[in-house]
Colleague: 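So that we are looking at the same thing, I have put the structure below in structure tokens.
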Amino acid sequence: MSTLNSSNIKTLEFDVLVIGGGGSGMRTSLELAKSGLKTAVVSKVFPTRSHTVSAQGGITCAIASADPQDDWRWHMYDTVKGSDYIGDQDAIEYMCSEGPKAVFELEHMGLPFSRTENGRIYQRPFGGQSKDFGKGGQASRTCAAADRTGHALLHTLYQNNVKEGSNFLNEWFAVDLVLNKFNEVTGVVAFSIESGEVAYLKAQATVLATGGAGRIYSSTTNALINTGDGLGMSLRAGIPAQDMEMWQFHPTGIYGAGSLVTEGCRGEGGYLINKDGERFMERYAPNAKDLAGRDVVARSMVLEILEGRGCGENKDHVFLKLDHLGADVLNAKLPGICELSKTFAAVDPVYEPIPVVPTCHYMMGGTPTNIHGQAYKISSSADDYIPGLFSVGEAACVSVHGANRLGGNSLLDLVVFGRAAGLHINEALKSGGGVADADKDDIDKALHNLNVLNESSSGHEVSSVKRELQEVMQNYFGVFRRGDYMEKGVSALEEIREKIENLHLQDKSAAFNTNRVEAIELQNLFEVAEATAISSLQRTESRGAHAREDFPERDDQNWLCHSLYDPTTKILGKRHVNFEPNQVEAFPPKVRTY
Amino acid sequence: MIHINIYRYNPEKDKFPYMQTFEFEKPKRDIMVLELLNQLKEKDPTISYRRSCREGVCGSDGMNINGKNGLACITPLSSVVQKNKLDLRPLPGLPVVRDLVVDMTEFYAQYEKIKPFLQNDVPVDIGERLQSPEDRDKLDGLYECILCACCSTSCPSFWWNPDKFVGPAALLQAYRFIADSRDTKTAERLQSLSDPFSVYRCHGIMNCVSVCPKGLNPNEAIGEIKSMLLSGKNKENIIASDGMS
């Protein structure tokens, strides 16, 4: 294979490139489909294989079906509190107030929501939800299609993209961003997985909708494809990442397998028990109990296990009890969970509890953006954008989830901000916005990494380096963190970087070469892992999902802010949190209890 | 040891496909076929297959496992290994891109042909379209399809006419929209399926039902479409008798 350069690869030109065909990417492309702009969705898998498909419990939104009095401001309050006060209140306000419109749109597109007796969308209780600004008890605000809401949502979005004639580059893999001499993003270099053909995909706007990167940990609910490809590309290009220390550990991953068991199980009345059969969440969160914030529940579970009250031979997990709900409820409301438990835990929840353990689930951090998806750069002046670059969904940090995401808010995030980015890009490009052309050197630079891999004749094996990376992250950057351990983790990563830069691509063939895909995915995972490690070590407090034994208290004096990781210097800076919503008074920080 | 025979074909170097045997030590705990492939790929990174969610919801890793189509990620070794032998082949009936990866273009084309999206031109002023729980129940067993193609690629009628017979997966989706009380294009949908090939090439062989990893029943949905076509009965009169739309 000859060395790739700008003159031996072809250029495909678009107005907008959406990298990623999951929920956020397809909501963006759907918005752009009617605009007349030439858009392409670049997806490394056929779109319905994207990880949105695994979302179960629902999409949280104040559509006032379960409770006619429900109010988006209550949802906003819960989300701000859930974020441990570093969610941006302008963005949270936008998401919660625009939410009902976005959910009704999905229904009109055909999403098969479960229904109430009067024919409206069914809503179930989820963690961290309240009525009347925390004073009115548990709310039921999560709109559900049984326990397959993500599947229903993703397929509905794909179907409507088919309806509108969206253009997909399926099984194309984006390798690196192409930046011009003004540091504007002008598209990506990518290859067709099926044929191996490499091309420069040129665009005026590039949207990173590449989802999360849960595969930096060895135990995760995430799909095998969740390798943070967008963040990997942007970090390699020197673009910052925000709040990367904030990783959500979902309380209920199936012990051993890691598959997600929806919070909806506890919403429908299930609860966690320790080896004595005790409903231990009553001790940790007397009011919300099993429906406290996910960070709170996950930590409580780990404490139970550490204190010797775990279940099983090794006392290393707890049980999720559902049998008291009865076969009818389980089959109607949680059919997917029954299926998964039988397959991956050899347990039928109608009769026996499911063994569960906190499992890496969601990346609250990502590329910092405003509500239009525009990516921020590091700058002394408040808010400077990177021309041509946008990000939406889990890949982005807009930030509506702050230090801890509430269940059901990720699907809402996808559709609200996918739509918002589409609207903004349409307006911006039609009013003359755009970027200057990249020159040959810029394209060659973006091809460099791929050339190095293609020409490698020795070096480290992808699979063993990946395992090493995942173990470091699992051991040193888990539910509870400590400075001295994390320092060990950071130096272990320094050694792994040398291997990452010297990977041996054993398979050099063109057609459907998954060895090549996995090698680049590993490099992306590494960038995300390093950003996570350095950010975790340097945020010297405990907030939301970031729990430090050596700094157990929240420190609003110093850390009521976003962290901003600069990959060029590996230094952690700070960015202000927005406390200026437009329609309501800001919610000031309070002690966070459930 | 288990003898794992994997269908290998790399268009750049192989004139013909062949079966390659890997010796695999019987694992202490039961593992899924996908986990087996992942472990083999660590030793031989050239083995190609698709995978994503690894929990049976994304539909990437449909393949032919000891002669029967299924999802590698939710098929335990214990349920398929016979006499210490396991054969893994690509889904039958579609062109092979490489190893266990097939070209699904024709499969997706049939899906697009049935207009797999809700059609209803009546605007909604505010809120959602109402649907009774009973009407919503009619979508159960239909909307859960993951497009893994296990059914269509096990269907002899689809093997013969992949361009003209819509196939069980897409017909299940055709019926998913016919059965939806919110969709108003039942007559048009039925009309588009009324030629001799689209539906009528189904001869009730039932392979689709026996392989569906989600336990769905395309045969039943196809039966419903056929009887609606034959009786001229459409959803509008069915809905009227249910009371709510």
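In this text, all values refer to a predicted model and were calculated from it rather than measured experimentally. Per chain, numbering begins at 1; letters A, B, ... match sequence-line order.
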Colleague: Contact part of A:L106 toward chain B, heavy-atom cut-off under 4.5 Å: side chain, backbone, both or neither?
Modeller: neither
Colleague: A:A346 versus chain B, heavy atoms under 4.5 Å apart: side chain, backbone, both or neither?
Modeller: neither
Colleague: For chain A, which residues from residues 95-102 of chain B have at least one heavy atom closer than 4.5 Å to it?
Modeller: B:V97, B:R98, B:V101
Colleague: Can you give the donor-acceptor pairs under 3.5 Å from side chains of residues 74-81 of chain B to other protein atoms, not counting sequence neighbours?
Modeller:
from  : atom 1 : to    : atom 2 : distance (Å)
B:T75 : OG1    : B:L71 : O      : 2.6
B:S78 : OG     : B:D30 : OD2    : 2.5
B:S79 : OG     : B:P76 : O      : 2.7

Colleague: With rounding to the nearest 0.5 Å, note down the distance linking CG in B:L118 to CG in A:L111.
Modeller: 10.5 Å
Colleague: Suppose we screen for salt bridge (Lys or Arg N to Asp or Glu O under 4.0 Å). Which residues come up paired with B:R54, at least two apart in sequence or across chains?
Modeller: none
Colleague: If I measure from the heavy atoms of chain A, does B:R50 come under 4.5 Å with its side chain, its backbone, both, or neither?
Modeller: side chain
Colleague: By a 4.5 Å heavy-atom criterion (distance strictly below it), what part of B:I47 contacts chain A: side chain, backbone, both, or neither?
Modeller: backbone
Colleague: Tell me whether the count of non-hydrogen atoms from other residues, nucleotides or ligands lying under 6.0 Å of CG in B:D163 goes above 12.
Modeller: yes
Colleague: Looking at B:G127, B:S60, B:C53, which has the largest count of heavy-atom pairs under 4.5 Å with chain A?
Modeller: B:G127
Colleague: Under 4.5 Å from any heavy atom of chain A, what part of B:K41 do you find: side chain, backbone, both or neither?
Modeller: side chain
Colleague: Starting at CG of B:D135, measure out to CZ of A:R115 and round the result to the nearest 0.5 Å.
Modeller: 9.5 Å
Colleague: Where on A:N222 is there a heavy atom nearer than 4.5 Å to chain B: the side chain, the backbone, both, or neither?
Modeller: backbone
Colleague: Could you grab the distance from atom CD of B:E128 to atom CZ of A:R120, nearest 0.5 Å is fine?
Modeller: 4.0 Å
Colleague: Looking at B:N120, B:I146, B:D137, B:D140, which has the largest count of heavy-atom pairs under 4.5 Å with chain A?
Modeller: B:I146
Colleague: Examine whether an atom of B:L34 lies under 4.5 Å from a heavy atom of chain A, and if so say whether it belongs to the side chain, the backbone or both; otherwise answer neither.
Modeller: side chain
Colleague: Which one of B:D103, B:V124, B:D44 has the most heavy-atom pairs closer than 4.5 Å to chain A?
Modeller: B:V124
Colleague: Check this for me: does any side-chain nitrogen of one of A:E339 and B:K214 sit under 4.0 Å from a carboxylate oxygen of the other?
Modeller: yes
Colleague: Contact part of A:T116 toward chain B, heavy-atom cut-off under 4.5 Å: side chain, backbone, both or neither?
Modeller: backbone
Colleague: Go through the atoms of A:L340 and report whether side chain, backbone, both or neither lie under 4.5 Å from a heavy atom of chain B.
Modeller: side chain
Colleague: Test A:P112 against every option in B:Q131, B:K138, B:R136 by the side-chain contact (heavy atoms from CB on, under 4.5 Å) rule and name the one that passes.
Modeller: B:R136
Colleague: Just give me the residue among B:G215, B:P11, B:G59, B:G56 that pairs up with chain A most often, heavy atom to heavy atom, under 4.5 Å.
Modeller: B:G59
Colleague: Give the interface residues of residues 456-469 of chain A toward chain B, defined by a heavy-atom separation under 4.5 Å.
Modeller: A:E461, A:S463, A:R467
Colleague: Between B:E35 and chain A, with a heavy-atom cut-off of 4.5 Å, which part of the residue counts as in contact: side chain, backbone, both or neither?
Modeller: neither
Colleague: side-chain contact (heavy atoms from CB on, under 4.5 Å) between B:K115 and A:K163: does it pass, once the steps are laid out?
Modeller: CA-CA 7 Å; B:K115 300 196 174 168; A:K163 182 182 179 188; over 6 Å; no
Colleague: Got a second to check how far A:R49's CZ is from B:C58's SG, nearest 0.5 Å?
Modeller: 6.5 Å
Colleague: For B:E25, I'd like to know if atom CD has over 12 heavy atoms of other residues, nucleotides or ligands within 6.0 Å.
Modeller: no
Colleague: Ignoring hydrogens, what is the shortest heavy-atom contact between A:F46 and B:L147? Give both atom names and the distance.
Modeller: CE2-CD1, 4.3 Å
Colleague: Using a cut-off of 6.0 Å, state whether more than 12 heavy atoms not belonging to A:E164 lie near its atom CD.
Modeller: yes
Colleague: For the residue pair A:Q506 / B:T46, report whether a side-chain donor-acceptor contact shorter than 3.5 Å exists.
Modeller: no
Colleague: Looking at every non-hydrogen atom in both residues, tell me the closest pair between A:D507 and B:P45 and how far apart they are.
Modeller: OD2-O, 4.3 Å
Colleague: Looking only at heavy atoms, what is the nearest atom pair of A:S509 and B:E12, with distance?
Modeller: CB-OE2, 3.4 Å
Colleague: Using a 4.5 Å cut-off on heavy atoms from C-beta on, say whether the side chain of A:F344 contacts that of B:E55.
Modeller: yes
Colleague: In this structure, which one of A:V53, A:T48, A:L154 forms a side-chain contact (heavy atoms from CB on, under 4.5 Å) with B:V57?
Modeller: A:V53
Colleague: Around atom CD of B:Q191, are there more than 12 heavy atoms of other residues, nucleotides or ligands at under 6.0 Å?
Modeller: no
Colleague: Can you label the angle between the B:Y143 ring and the A:H151 ring as parallel, tilted or perpendicular, going by 30° and 60°?
Modeller: perpendicular
Colleague: Heavy-atom pairs under 4.5 Å with chain B - which of A:M109, A:K101, A:E105, A:E171 has more of them than the others?
Modeller: A:E171
Colleague: Given the options A:L505, A:N170, A:I193, A:I121, which has more heavy-atom pairs under 4.5 Å with chain B than any of the others?
Modeller: A:I121
Colleague: Taking the side chain as everything from C-beta on, heavy atoms only, tell me whether A:I225 gets closer than 4.5 Å to B:R51.
Modeller: yes
Colleague: I need the B:S132 OG to A:N118 CG distance, nearest 0.5 Å.
Modeller: 11.0 Å
Colleague: Measuring from atom OH of B:Y111 to atom CD of A:Q159, what distance do you get when rounded to the nearest 0.5 angstrom?
Modeller: 4.0 Å
